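Bear in mind the structure is a predicted one, so any value in this text is a computation, not a measurement.
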Amino acid sequence: MQTQRQVVDYALQRRALLAQVHAGRVGVMEVCDADPYLLRAAKFHGEPSGVTCPVCRKEPLTLVSWVFGDALKHASGTARAPEELDRMAAMFEEFNVYVVEVCRTCNWNHLVLSYVTGTGGLNDNRSRRKTAAE
């Protein structure tokens, strides 16, 4: 089970951008610009959502979770499946997760959620040094 802290939901920003797209003030090609690496990550590490793409309305969106943090070393900046996030949250003290929604048909993508997770130093199994007073 993950302990999410500092959660930021980008729903208002998403809604405003989609309103501009539907009003014609922002072009579809400007918002449907998913990087090929993001599309591959959606294919292999993403989880399907129950939300249909708001731009093309052809397929359900895929949620991709990206992890960043100094403690992750080489794993920082990679996409991870939800079950991997749970395992990592139990292993590392703190790291950031960014959840991006992606449409693999029209290439729509938007940051949906960001949060900090990890043990927070509570389950630190490393033995700490004792002071002379202890």
Minimal non-hydrogen separation, Gln4 against Thr117, with atom names: N-OG1, 4.5 Å

Test item: Thr62 and Arg104 side chains (from C-beta on) under 4.5 Å apart, heavy atoms: yes

Val97 with Met91, same ILVMFWY side-chain cluster at under 4.5 Å: yes

Any Thr119 side-chain heavy atom under 4.5 Å of Phe92 side chain: no

Verify the cluster assignment for Val26 and Val55: are they in a single hydrophobic cluster under the rule of side-chain heavy atoms below 4.5 Å apart? yes

Pair up each side-chain donor or acceptor in residues 28-47 with any protein partner under 3.5 Å, not counting sequence neighbours, and list the distances.
| residue | atom | partner | partner atom | Å |
| --- | --- | --- | --- | --- |
| Glu30 | OE2 | Gly27 | N | 3.4 |
| Asp33 | OD1 | Asn109 | ND2 | 3.2 |
| Asp35 | OD2 | Tyr37 | N | 2.9 |

In this structure, would Val8 and Val112 fall into the same cluster of hydrophobic residues linked by side-chain contacts under 4.5 Å? no

Got a second to check how far Tyr115's OH is from Gln6's CD, nearest 0.5 Å? 13.0 Å

Mind listing the closest non-hydrogen atom pair of Lys58 and Thr52 along with its distance? N-CG2, 4.2 Å

So, do Glu59 and Cys103 sit near enough that their side-chain heavy atoms are less than 4.5 Å apart? yes

Show me the donor-acceptor pairs within less than 3.5 Å that the side chains of residues 71-85 make with the rest of the protein, sequence neighbours left out.
| residue | atom | partner | partner atom | Å |
| --- | --- | --- | --- | --- |
| Ser76 | OG | Gly69 | N | 3.2 |
| Thr78 | OG1 | Ala75 | O | 2.5 |
| Thr78 | OG1 | Arg80 | NE | 3.1 |
| Thr78 | OG1 | Arg80 | NH2 | 3.4 |
| Arg80 | NH1 | Glu84 | OE2 | 3.3 |
| Glu84 | OE1 | Ala81 | N | 2.9 |

Using side chain to side chain donor-acceptor pair (under 3.5 Å) as the criterion, list what pairs up with Tyr98, not counting sequence neighbours. none

Please state whether the rings of Trp108 and His110 are parallel, tilted or perpendicular, taking 30° and 60° as the class boundaries. parallel

Does any non-hydrogen side-chain atom of Pro60 lie less than 4.5 Å from one of Cys53? no

Do Leu17 and Val100 belong to the same hydrophobic cluster, where Ile, Leu, Val, Met, Phe, Trp and Tyr are linked whenever their side-chain heavy atoms lie under 4.5 Å apart, directly or via other members? no

Could you state whether Leu61 and Leu113 fall into the same hydrophobic cluster, counting links through intermediate Ile, Leu, Val, Met, Phe, Trp or Tyr residues with side-chain heavy atoms under 4.5 angstrom apart? no

So, does Arg5 use its side chain to make a donor-acceptor pair with the main chain of Glu94 at under 3.5 Å? no

Leu111 and Val99 have their tightest heavy-atom pair at CD1-O, 3.5 Å

